[in-house]
Amino acid sequence: MTLRVRFAPSPTGELHVGGARTALFNWLWARKEGGSFVLRIEDTDLVRSERRFAQGIMDALRWLGLDWDELYFQSERLPIYRKYVEKLLEEGKAYPCYCTPEELAARRRQALSRGEVPEYDGHCRNLSEAERKRYLAQGRKPAIRFRVPEAAKETSFRDFLRGEVRFRRLTTGDFVIQKADGTPTYNLACVVDDHEMGITHVLRAEDHISNTPKQIWLYQALGWDPPQFGHLSVILGPDRRKLSKRHGATSVEALREQGFLPEAVVNHLALLGWSPGTGEEVFTLEELVERFSLERVNLAPQVFDLDKLKWLNRKHLARLSPEELLVRAKPFLKGLPEGPEEKVARALALVRPGISTLAELGEHPDLVAILSRPELGQDVLEELSKPMAQEALRAVLARLEGLPNVGLRALVNEVAGELGVSRRGVFHPLRLALTGRSQGPELAGVVAVLGPEEVRARIEHALSVVEETTGGV
Ligand code: GLU
Ligand code: ZN
């Protein structure tokens with residue numbers, strides 16, 4: 001039997017970290033085993049589902065590098081669900097419920113005030129034909145409920161990650177499988193589709209554990225073998241509370257906009273419940289496919305940690321070639337002076353060790369300083385107006401011809417020796433003249449990116465500005 005797994009998001013918002021983790025684990029498993037990964041958009045909730053969210057989820061999955069083998073929209077399959085609801089009705093395993101939302105809410109409140117479990121009370125379970133006719137005549141549109149035997153509520157199932165999961169008494173009345181508007185509910189559509197699509201294993205998050213018995217009852221009622229079920233651990237924020245919007249941007253889309261690489265996001269998601277068991281932490285998607293195994297999935301609550309993600313992002317940024325770095329950085333470079341691609345790529349590589357996200361590149365002062373001739377501020381001019389600073393710059397200028405052969409370090413050493421100053425006494429004014437800043441990336445790198453012409457021009461420019469402002473020496 002070949003493995004068939006699925007990711008079944010409801011398009012009611014962006015793809016969040018939890019959903020993306022579920023998608024990734026299913027995808028990794030399928031790719032590892034040579035199975036199929038099915039994407040099923042669960043958009044039968046006409047009120048909350050939106051096409052743009054489905055599009056956004058698919059874009060986010062693609063961006064992460066998670067491709068799918070088959071794609072389904074539940075909204076295009078409504079007749080299939082209706083057919084099975086009909087069947088359950090005919091066999092008496094389901095029945096129409098004419099209660100209005102207001103009536104249900106009122107009876108719920110009463111049950112709660114009596115200290116009872118507020119389950120559906122079975123009001124329409126055994127209506128006579130006459131009662132049904134009367135309700136219909138009142139213009140009521142029935143929902144369809146699944147008949148749950150009381151005895152079934154003490155139940156259990158085998159979870160392929162957790163082992164036996166037991167319920168002393170599952171809190172559920174006869175639950176709705178088809179809403180009054182004729183659309184199926186999640187549990188019904190999910191069961192019909194997992195069966196029809198030949199899903200062998202359902203791997204999803206812990207919050208679906210209590211749905212699983214309901215789904216198994218539906219399989220039994222429809223005469224089908226259920227798939228295997230496994231439930232991943234819950235994801236927490238750094239404060240160890242369930243991850244939610246309160247913890248800031250937790251959608252894949254938001255992480256992308258913040259300048260995280262898909263490699264880093266995938267890497268962090270993978271570590272939310274899986275570990276290689278070797279202490280290694282940095283993996284590409286391909287490496288994850290190779291290493292992933294369900295045996296190494298653990299069920300402890302997992303913390304989604306932005307600092308960890310930043311750390312991983314730096315690791316993955318460091319692996320990019322300058323050309324690739326430029327491709328990834330482009331959307332974030334707005335507000336920066338443009339230059340020849342090759343120069344920009346090398347400048348990016350130069351500032352890369354100091355950044356955690358691509359977004360930090362937009363208007364990055366070190367990049368600005370390299371890509372355009374810097375403004376020399378008042379404090380810089382003051383520094384450069386010291387005679388020794390000017391002397392050092394002139395001495396560098398005089399030796400610039402030899403720079404390609406000697407290298408910057410040796411050249412600075414020579415100048416320092418000749419003038420009897422420290423190396424810093426040469427490096428510092430040079431950095432100020434070239435970038436207008438007293439700190440920044442390694443100076444030899446800056447010099448290499450600027451090239452000899454531009455280095456000369458900037459030093460000469462700095463000297464002349466200093467002369468102007470000090471009225472000549
Ligand atoms: N549409 C459901 C959700 O997004 C799918 C749950 C499942 O995997 O069965 O939570
Ligand atoms: Zn009812």
Side-chain angles (χ1 to χ4, degrees), residues 4-27 29 37-45 48-49 53-54 57 60-61 72-75 77 94-108 111 119-128 131-132 134-136 138 140-148 157 159 173-180 183-195 197 199 201-216 218-219 226-232 234-235 251:
R4 283 179 63 82
V5 292
R6 69 349 181 244
F7 175 52
S10 305
T12 55
E14 294 180 344
L15 177 63
H16 280 267
V17 165
R21 195 261 316 247
T22 301
L24 174 64
F25 279 44
N26 277 286
W27 184 89
W29 192 14
F37 175 70
V38 173
L39 177 60
R40 183 170 77 224
I41 305 294
E42 303 209 322
D43 57 351
T44 59
D45 185 334
R48 297 175 59 227
S49 302
F53 289 136
I57 290 168
L61 289 172
Y72 303 93
F73 289 84
Q74 287 192 326
S75 58
R77 301 166 54 80
Y95 60 87
C97 164
Y98 298 89
C99 303
T100 64
E102 295 73 29
E103 289 165 348
L104 291 170
R107 299 208 306 266
R108 236 181 111 83
E119 293 170 352
Y120 178 67
D121 56 5
H123 181 272
C124 305
R125 237 180 181 220
N126 299 303
L127 293 182
S128 66
E131 285 166 314
R132 286 185 190 185
R134 190 160 54 83
Y135 280 137
L136 279 177
Q138 289 171 1
R140 296 184 184 228
K141 287 220 158 27
I144 309 299
R145 287 184 187 269
F146 183 68
R147 207 182 280 275
V148 181
F157 70 90
D159 183 299
D174 293 346
F175 55 91
V176 174
I177 55 175
Q178 182 175 291
K179 291 180 250 177
T183 59
T185 59
Y186 155 66
N187 278 314
L188 190 276
C190 179
V191 164
V192 167
D193 279 347
D194 283 340
H195 171 75
M197 295 168 191
I199 299 302
H201 294 76
V202 170
L203 176 60
R204 59 190 172 192
E206 189 173 288
D207 33 326
H208 285 291
I209 286 184
S210 64
N211 281 321
T212 303
K214 299 186 194 178
Q215 297 184 0
I216 292 175
L218 285 171
Y219 281 101
Q228 306 289 312
F229 294 94
H231 295 87
L232 297 164
V234 64
I235 300 181
S251 74

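We count ligands from 1, going down the list as the structure has it; atoms in each ligand are counted the same way.
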Q: Any Lys/Arg nitrogen of E103 or R108 sitting under 4.0 Å from an Asp/Glu carboxylate oxygen of the other?
A: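 Salt bridge: no.
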
Q: Would you mind listing which atoms of ligand 1 come within a distance below 4.0 Å of any non-hydrogen atom of Y186?
A: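 Under 4.0 Å from Y186, ligand 1 has these atoms: 2 (C), 5 (C), 6 (C), 7 (C), 9 (O).
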
Q: Got a second to check how far F175's CZ is from E119's CD, nearest 0.5 Å?
A: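 It comes to 12.0 Å.
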
Q: With distance as the sole criterion, is a donor-acceptor pair present between the side chains of T212 and R204 under 3.5 Å?
A: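 Note: T212 and R204 side chains meet the donor-acceptor criterion.
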
Q: Give the contacting part of F7 toward ligand 1: side chain, backbone, both or neither, where contact means a heavy-atom distance below 4.0 Å.
A: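 Neither; no heavy atom under 4.0 Å.
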
Q: Sequence neighbours left out, what passes ring-ring contact (aromatic ring centres under 6.0 Å, His included) with Y98? Give chain and number order.
A: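 If we apply the ring-ring contact (aromatic ring centres under 6.0 Å, His included) test to Y98, skipping adjacent residues, the hits are Y135.
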
Q: Looking at E42, which atoms of ligand 1 are within less than 4.0 Å of one of its heavy atoms?
A: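 Answer, ordered by atom number: 1 (N), 2 (C), 5 (C).
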
Q: Hey, are Q215 and Y186 close enough side-chain-wise for a donor-acceptor pair under 3.5 Å?
A: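 There is such a pair between these side chains.
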
Q: Between C190 and ligand 1, which part of the residue brings a heavy atom under 4.0 Å of the ligand: side chain, backbone, both or neither?
A: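 C190 to ligand 1: side-chain contact only, backbone stays beyond 4.0 Å.
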
Q: Do any N/O atoms on Q215 end up under 3.5 angstrom from N/O atoms on ligand 1?
A: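 Between Q215 and ligand 1 (N or O atoms, distance only) the closest approach is not under 3.5 Å.
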
Q: Keeping N26 on the side-chain end and L203 on the backbone end, is there a donor-acceptor pair under 3.5 Å?
A: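 Side chain of N26 to backbone of L203, a donor-acceptor pair under 3.5 Å: yes, one is there.
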
Q: Sub-3.5 Å donor-acceptor pair from the side chain of S75 to the main-chain atoms of D43, do we have one?
A: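 Absent.
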
Q: So does H231 get a backbone contact from the side chain of D159, meaning a donor-acceptor N/O pair under 3.5 Å?
A: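 At least one qualifying donor-acceptor pair exists.
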
Q: Mind listing the protein N/O/S atoms less than 2.8 Å away from the Zn ion (ligand 2)? Waters don't count.
A: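 As for protein N, O or S atoms lying under 2.8 Å from the Zn ion (ligand 2), they are C97 SG, C99 SG, Y120 OH, C124 SG.
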
Q: Kindly say whether K179 contributes a backbone atom to a donor-acceptor pair with the side chain of T183 at under 3.5 angstrom?
A: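 No: the side chain of T183 does not pair with the backbone of K179.
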
Q: What I want to know is whether A8 and ligand 1 share at least one N or O pair that is separated by under 3.5 angstrom.
A: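 Yes: some nitrogen or oxygen of A8 is under 3.5 Å from one in ligand 1.
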
Q: Below 4.0 angstrom from a heavy atom of R204, which ligand 1 atoms are there? Numbered from 1 as shown, please.
A: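 Listed by number with element, the hits are 7 (C), 8 (O), 9 (O).
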
Q: Is there a side-chain contact between P11 and S49 (heavy atoms, below 4.5 Å)?
A: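 Yes, their side chains come closer than 4.5 Å.
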
Q: May I ask you to identify the nearest protein heavy atom to atom 10 (O) of ligand 1, giving residue, atom name and distance to one decimal place in Å?
A: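 Closest protein heavy atom to atom 10 (O) of ligand 1: H208 NE2, 2.8 Å.
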
Q: Looking at S10, which atoms of ligand 1 are within less than 4.0 Å of one of its heavy atoms?
A: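 Those atoms are 1 (N), 2 (C), 3 (C), 4 (O).
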
Q: Under 4.0 Å from any heavy atom of R6, which atoms of ligand 1 are there?
A: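 Those of ligand 1 that fall under 4.0 Å from R6 are 7 (C), 8 (O), 9 (O).
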
Q: Hey, is D174 close enough to R147 for a salt bridge, meaning N to O under 4.0 Å?
A: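 Answer for the salt bridge query: no.
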
